[in-house]
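Protein chains get the first letters and strands the later ones, always in sequence-line order, with residue 1 at the start of each.
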There are 2 protein chains.
Amino acid sequence: MKADKISELTTNRLSIYLRCLNELAHEGRKTVSSDRLAKRFHLNSAQIRKDLACFGEFGVRGVGYYIEDLREQIIRILGLDHHHRVGIVGAGRLGAALTDYYGFRQTNFEVAALFDADPEKIGSVVSDVKVFDVKDFSKVRKNEGIDVAVIAVPAEYAQKVLEMIVDAGVKAVMNFAPTPLLADDDVKLKTIDLTISLESLSYFLARPGKNGRE
Amino acid sequence: MKADKISELTTNRLSIYLRCLNELAHEGRKTVSSDRLAKRFHLNSAQIRKDLACFGEFGVRGVGYYIEDLREQIIRILGLDHHHRVGIVGAGRLGAALTDYYGFRQTNFEVAALFDADPEKIGSVVSDVKVFDVKDFSKVRKNEGIDVAVIAVPAEYAQKVLEMIVDAGVKAVMNFAPTPLLADDDVKLKTIDLTISLESLSYFLARPGKNGRE
DNA sequence: CGGAACTTGTTACCTTTTTCACATAATCGG
DNA sequence: CCGATTATGTGAAAAAGGTAACAAGTTCCG
Ligand SMILES: NC(=O)c1ccc[n+]([C@@H]2O[C@H](COP(=O)([O-])OP(=O)(O)OC[C@H]3O[C@@H](n4cnc5c(N)ncnc54)[C@H](O)[C@@H]3O)[C@@H](O)[C@H]2O)c1
Ligand SMILES: NC(=O)c1ccc[n+]([C@@H]2O[C@H](COP(=O)([O-])OP(=O)(O)OC[C@H]3O[C@@H](n4cnc5c(N)ncnc54)[C@H](O)[C@@H]3O)[C@@H](O)[C@H]2O)c1
């Protein structure tokens, strides 16, 4: 059916399907039906089929999906076959943890540079990655071919840092500062706001019983 | 109107409203209308009113909301007036970053203990917090009054760790391992899955133009 | 005191997302 | 080769979520 407007909920689920398929492939299975996939991983089979249908017809009626083939298709759809270079702004505790995060490499992302404003940190090396002066962001970005930025600075500086990043031409940004940021529509900005998650947990603790599955 | 089934989307937004109100209170304002709040922070005024209406009538027609009063109401609704003690399982890089995360204290959460399986880490101290043997989780939990757990171990151990945590009686868990976990309905489990966010960014980078605001 | 100016709480409407149901197509055993 | 079986892709129904519109209540000011 090849839909042209793809919801982020759909791409999030593709990411999940990919993980499930990796597990099945690892077990040596060759094919899987949407129903088996759903039962095994607690998903909905209709939703799996519908999500996939947005991008083409990958299954075979009466058989299901060829696991290896579908894995490759999803990897291609999610762009995981392209390499990306990441610049992390804020070489603090979170920046350091992220620099060494295996999930980046797994997803074909590579941390190319860290940036900080603190003179004591500039010039140091964290997990083999050099810390640059944030003032040189634009220059370093060009030299290093950085196409993804991560914001890991205190919330009050986050908006300014974002504007600098966008001015330097980066179009994809992941923000960990607990504050909503504003960017142009042609910039993909993803905020991971731990405060919201924490306060949501707190709500549940105050009102047990009224759960609501994620 | 006092709805009884509250969506997580609503509690997430309450958290955002609280931040906005904090900012306004800081500026010395006394009242605010849903319309002003919406314009200033890029929200929708009808949604603000509807979210609040789930919990009672907090506004005054013709006036708006008394900022200090509404702040206290939201703090109460989200349970942020209760203190919580957090146990972090996995004293690695992420665990260390989280131990020192200011956002916990701000939200009335306190990191009481770290847990690890690595003998070299057990007994050490990270940001004034002691690292215990994960085998002693249940005992330490009782001594320290831990009521919230954080999972920061590699994905392959996450489900086992969750089961141990739940067996020890903890009812609220935040999981950072990039894998969906299964728990009983009476346990609130919140997974922050960075891999999904990353792969969603990757999708955008592969298909610029088809953005989709968060 | 009375009408203009506001602003809430709520209902009705619209959009998005999920689930259901089934026609359609491939496989397999005999 | 055919009927039984399996499982996809999709349109229709249901559920959830978001937006708009407005009646009802409050304040302000002459
Ligand atoms: N620590 C965590 O576990 C954690 C978790 C989730 C979110 N966060 C958020 O991530 C951000 C960073 O947290 P952290 O704990 O690493 O803090 P941190 O204080 O350890 O590190 C912040 C770093 O940013 C640098 N910095 C400040 N202003 C800067 C600027 N304008 N340009 C470049 N660098 C600048 C500082 O010099 C410092 O090195 C905060 O917004 C925090 O709320 C932290
Ligand atoms: N590093 C990051 O920035 C980051 C970001 C998001 C998510 N994560 C996820 O968080 C988890 C931890 O990441 P990390 O980078 O801190 O890894 P890490 O290797 O630095 O730390 C993992 C720690 O868990 C301990 N551990 C292993 N098995 C255990 C068990 N059964 N019980 C108790 N402790 C155990 C290890 O000894 C180690 O100290 C991983 O699942 C990772 O995918 C990490």
Side-chain angles (χ1 to χ4, degrees), chain A residues 1-17 20-21 24 29-67 69-70 73-74 77 200 210-214, chain B residues 1-14 16-17 20-21 24 29-67 69-70 73-74 77 196 200 210-214:
Chain A
M1 203 200 41
K2 288 258 188 182
D4 42 23
K5 183 82 176 62
I6 306 295
S7 144
E8 182 142 353
L9 296 169
T10 296
T11 58
N12 287 351
R13 281 190 298 265
L14 285 185
S15 179
I16 291 169
Y17 303 155
C20 300
L21 293 168
L24 293 174
R29 304 194 61 88
K30 294 293 171 226
T31 65
V32 70
S33 71
S34 58
D35 201 51
R36 279 187 71 83
L37 204 55
K39 290 248 168 55
R40 161 101 179 241
F41 297 100
H42 307 95
L43 307 167
N44 178 299
S45 67
Q47 190 153 64
I48 295 171
R49 293 197 299 276
K50 204 150 219 190
D51 285 336
L52 294 176
C54 294
F55 300 95
E57 306 199 356
F58 305 124
V60 181
R61 293 174 193 217
V63 177
Y65 300 90
Y66 289 97
I67 291 174
D69 175 52
L70 187 56
Q73 296 287 351
I74 296 181
I77 292 165
S200 167
K210 290 173 190 176
N211 195 337
R213 302 310 285 151
E214 284 176 72
Chain B
M1 202 199 42
K2 287 256 188 185
D4 41 25
K5 183 83 176 60
I6 307 294
S7 143
E8 181 143 348
L9 295 170
T10 295
T11 59
N12 287 351
R13 282 190 297 264
L14 284 184
I16 291 169
Y17 303 155
C20 300
L21 292 168
L24 293 174
R29 306 193 59 88
K30 293 295 171 225
T31 65
V32 70
S33 71
S34 58
D35 201 50
R36 278 188 71 83
L37 204 54
K39 290 247 170 58
R40 163 101 179 239
F41 297 100
H42 306 94
L43 308 166
N44 177 298
S45 67
Q47 188 151 66
I48 294 171
R49 294 197 298 277
K50 206 163 198 183
D51 284 335
L52 294 175
C54 294
F55 301 95
E57 306 197 357
F58 305 123
V60 181
R61 293 173 193 219
V63 178
Y65 300 90
Y66 289 97
I67 291 174
D69 175 52
L70 187 56
Q73 296 286 352
I74 295 181
I77 292 165
I196 291 176
S200 166
K210 290 174 188 174
N211 193 340
R213 302 309 284 150
E214 288 176 73

- When the distance from CD1 of B:Ile48 to P of D:dG18 is rounded to whole Å, what number comes out? 13 Å
- Message: Quick check for you: among D:dA20, D:dT8, C:dT18, whose closest atom lies nearest to any side-chain atom of A:Ser33?
- Response: D:dT8
- Message: Rounded to whole Å, how long is the line connecting atom CG of B:Leu43 with atom P of D:dG18?
- Response: 12 Å
- Rounded to whole angstrom units, what separation is found between the CZ atom of B:Arg49 and the P atom of D:dG18? 15 Å
- Can you find an N or O donor on one side and an acceptor on the other, under 3.5 Å apart, linking the side chain of B:Lys50 with the base of D:dT19? yes
- Message: With hydrogens left out and only the distance checked, is there a donor-acceptor pair under 3.5 Å joining A:Arg61's side chain and the base of C:dT24?
- Response: yes
- Query: What's the shortest heavy-atom distance between A:Leu37 and A:Leu43, and which atoms?
  - Reply: O-CD1, 4.4 Å
- Message: Please classify the nucleic acid contact of A:Arg36 as base, sugar-phosphate, or nothing, using heavy-atom distances under 4.0 Å.
- Response: nothing
- Message: Between A:Asn44 and C:dT18, is there a contact of a side-chain N or O with OP1 or OP2 at under 4.0 Å?
- Response: no
- Query: Side chain of B:Val63: nearest nucleotide among D:dT27, C:dT17, D:dT8?
  - Reply: D:dT27
- Query: Roughly how many Å is it from CD in B:Glu57 to P in D:dA24, rounded to a whole number?
  - Reply: 14 Å
- Under 4.0 angstrom, heavy atoms only, what part of the nucleic acid is A:Ser45 near: base, sugar-phosphate, or nothing? nothing
- Of all heavy-atom pairs between A:Ile67 and A:Leu21, which one has the smallest distance, and what is that distance? CG2-O, 3.8 Å
- Non-hydrogen atoms of A:Leu52 and A:Phe58 that approach each other most closely: O-CE1, 3.6 Å
- Item | B:Asp35 CG - D:dA21 P separation (whole Å) | 13 Å
- Item | Distance, rounded to the nearest Å, where A:Lys5 contributes NZ and C:dT16 contributes P | 8 Å
- Query: Can you tell me if the side-chain N/O atoms of B:Tyr66 get under 4.0 Å from OP1 or OP2 in C:dT8?
  - Reply: no
- Message: So, does A:Tyr65 get its side chain near the phosphate of D:dG9, meaning an N or O under 4.0 Å from OP1 or OP2?
- Response: yes
- Item | Heavy-atom pair of closest approach, residues B:Ala38 and B:Ser45 | CB-N, 3.5 Å
- When you match A:Ser7 and A:Val60 each to their closest nucleotide on DNA chain C, which lands nearer the 5' end? A:Ser7
- Note on the structure: Here the distance between atom P of D:dT10 and atom CZ of A:Phe58, to the nearest Å, is 12 Å
- Tell me which nucleotide among C:dT18, C:dT7, D:dG18 gets nearest to the side chain of B:Gln47. D:dG18
- Message: Using every non-hydrogen atom in the two residues, find where A:Tyr65 and A:Arg49 come nearest and quote the distance to one decimal.
- Response: OH-CG, 3.6 Å
- Message: Once you apply a heavy-atom cut-off of 4.0 Å, does A:Ser34 come out as touching a base, just sugar-phosphate, or nothing?
- Response: sugar-phosphate
- Task: Would you indicate what A:Leu52 reaches in the nucleic acid, counting non-hydrogen atoms under 4.0 angstrom: base, sugar-phosphate, or nothing?
- Result: nothing
- Message: I need the CG-C1' distance between B:Leu70 and C:dG9, as an integer number of Å.
- Response: 14 Å
- So with a 6.0 Å cut-off around OH of B:Tyr66, is the heavy-atom count from everything else above 12? no
